[in-house]
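Written out below as structure tokens is the structure these notes cover.
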Amino acid sequence: MTRSTTLAEALAAAPVVLDGGLSNQLESAGHDLSDELWSARLLAERPEAITEAHLAYFEAGADVAITSSYQATFEGFAKRGIPEERAAELLGLSVGLAREAAVRAHADGVTRPLWVAASVGPYGAMLADGSEYRGRYGLTVAELEAFHRPRLEVLAAAGPDVLALETVPDADEAEALLRAVRGLGVPAWLSYSVSGDRTRAGQSLEEAFAPAAEADEVIAVGVNCCAPEDVDGAVETAARVTGKPVVVYPNSGETWDAGARAWSGRSTFTAEQVTGWRRAGARLIGGCCRVGPAAITSIAGTLGGHGRARPTE
């Protein structure tokens with residue numbers, strides 16, 4: 001594969017490795033993320049820290065970096081007194097920083113293709129009150145589409161390889177996002193946050209995944225920011241319902257307490273689980289919250305037996 005290979009073409013050829021949790025990598029480097037803007041705050045204050053975090057994952061074996069724009073919204077920035085024009089600059093910068101990390105990784109000896117996914121978090125991420133894990137915001141599909149479209153337009157214009165519509169808790173919001181990406185000229189993946197065999201809002205996964213089957217823009221569909229134990233059934237359902245490559249990047253297995261803004265419990269994530277996920281149809285595999293570079297290296301090593309390029313050559 002060459003650098004001009006699209007992510008969709010790569011997924012058709014071999015498994016692709018996603019990065020891990022950006023926030024935990026930034027926190028491990030000593031950055032305080034106890035803020036409603038979360039990692040997006042560093043776009044304005046410490047952009048070089050974001051580049052370093054992306055670089056750590058590329059060097060660990062990730063093929064795709066997910067940008068720091070998950071919680072970056074015009075509304076969220078406005079609450080901090082950041083005007084619309086500057087907010088748009090910061091959204092675009094999130095893509096640029098990930099691209100810079102890819103350039104540095106190649107300069108450091110990584111020879112495989114690297115891609116950038118522009119993160120698009122759910123409406124609830126902007127609220128910063130844990131509602132991203134519940135959905136059901138009381139908004140119509142049209143209202144949610146109107147919320148997401150301006151940010152998607154800015155991110156698409158920044159030139160990512162794919163838009164990551166991620167941690168979606170609700171099938172209604174997924175419908176809004178699928179409407180909002182039409183005509184942008186950038187492919188997308190759609191990834192739900194789930195609990196058991198249902199979305200966080202309570203819809204069946206069959207119902208939730210079905211619209212993605214007919215969306216030409218969507219190159220992969222699956223789950224993220226969920227317990228590793230919830231992945232197996234979701235992968236099978238996503239593959240069966242959509243016929244598309246499946247994306248999976250669960251949390252470590254620990255539990256997020258939105259009130260205390262802290263993690264509790266123990267990690268249940270193991271790189272060996274990816275073999276079963278891949279067998280069931282997962283092609284784009286990584287980790288989300290609390291999954292760091294060491295785990296990504298293990299995943300890359302596990303997938304190396306399925307035709308994936310080695311982390312470095």
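The first residue of the sequence shown is numbered 1, and numbering continues consecutively from there.
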Legend entry - With A98 via side chain to side chain contact (heavy atoms under 4.5 Å, CB included) - residues at least two apart: H54, A65, T67, V116

Inset, instruction - Only counting residues at least two apart or in another chain, list the ones meeting side chain to side chain contact (heavy atoms under 4.5 Å, CB included) with A8. - result: T6, I219

Contact check, side chains of [X] and [Y], non-hydrogen atoms, under 4.5 Å:
X	Y	result
R279	E236	no
Y70	P122	yes
R198	L205	no
V247	V221	no
R99	D161	yes
T111	H106	no
F58	D63	no
Y137	P169	yes

Do [X] and [Y] share a hydrophobic cluster, counting only Ile, Leu, Val, Met, Phe, Trp and Tyr and linking them when any side-chain heavy atoms are less than 4.5 Å apart?
X	Y	result
I82	L43	yes
V168	V241	yes
M126	L139	yes
V291	L55	no

What's the separation between atom [atom1] in [X] and atom [atom2] in [Y], rounded to the nearest 0.5 Å?
X	Y	atom1	atom2	value
F147	Y123	CZ	OH	7.0 Å
I50	E45	CD1	CD	10.0 Å
L11	W189	CG	CH2	9.0 Å
T297	Y57	OG1	OH	10.0 Å
R151	F77	CZ	CZ	9.5 Å
I299	I285	CD1	CD1	7.5 Å

Look at the side chain of [X] and the backbone N and O of [Y], then say whether any donor-acceptor pair between them is shorter than 3.5 Å.
X	Y	answer
R278	L284	no
R290	S252	no
D19	A62	no
K244	A239	no
S131	L127	no

Legend entry - Pairs involving residues 200-210, ordered by first then second residue, that meet side-chain hydrogen bond (donor to acceptor under 3.5 Å, both in side chains) (sequence neighbours left out): D170-Q203, S193-R200, T199-Q203, E206-R240

Legend entry - Test side chain to side chain contact (heavy atoms under 4.5 Å, CB included) applied to L190 and V181, L165, L163, the passing residue: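 Of all the options given, the one that passes is L165.
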
Test of understanding: with side chain to side chain donor-acceptor pair (under 3.5 Å), list the residues that count as partners of [X], not counting sequence neighbours.
X	answer
T242	none
T167	N224
E143	T140

Test of understanding: with salt bridge (Lys or Arg N to Asp or Glu O under 4.0 Å), list the residues that count as partners of [X], not counting sequence neighbours.
X	answer
E48	R46
E100	none
D230	none

Inset, instruction - Looking only at non-hydrogen atoms, find the nearest pair between W277 and P250 and report the distance. - result: CH2-CG, 3.6 Å

Legend entry - Heavy-atom pair with the smallest gap, counting every atom of A156 and P160: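 Heavy atoms only, the tightest pair is O-CD, 3.7 Å.
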
Could you pull out every donor-acceptor pair under 3.5 Å between side chains of residues 85-92 and any protein atom, sequence neighbours left out?
{"unit_1": "R86", "atom_1": "NH1", "unit_2": "E89", "atom_2": "OE1", "d": "3.1"}

Inset, instruction - Sort and list the pairs that fulfil ring-ring contact (aromatic ring centres under 6.0 Å, His included) and have at least one residue in residues 197-236, not counting sequence neighbours. - result: Y192-F209

Legend entry - Within residues 177-190 or reaching into it, pairs that qualify as salt bridge (charged side-chain N to carboxylate O under 4.0 Å, His left out) - sequence neighbours excluded: E145-R179, E175-R179

Inset, instruction - Using a strict cut-off of less than 4.0 Å between a Lys/Arg side-chain nitrogen and an Asp/Glu carboxylate oxygen, indicate whether K79 and E75 qualify as a salt bridge. - result: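 Salt bridge absent between K79 and E75.
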
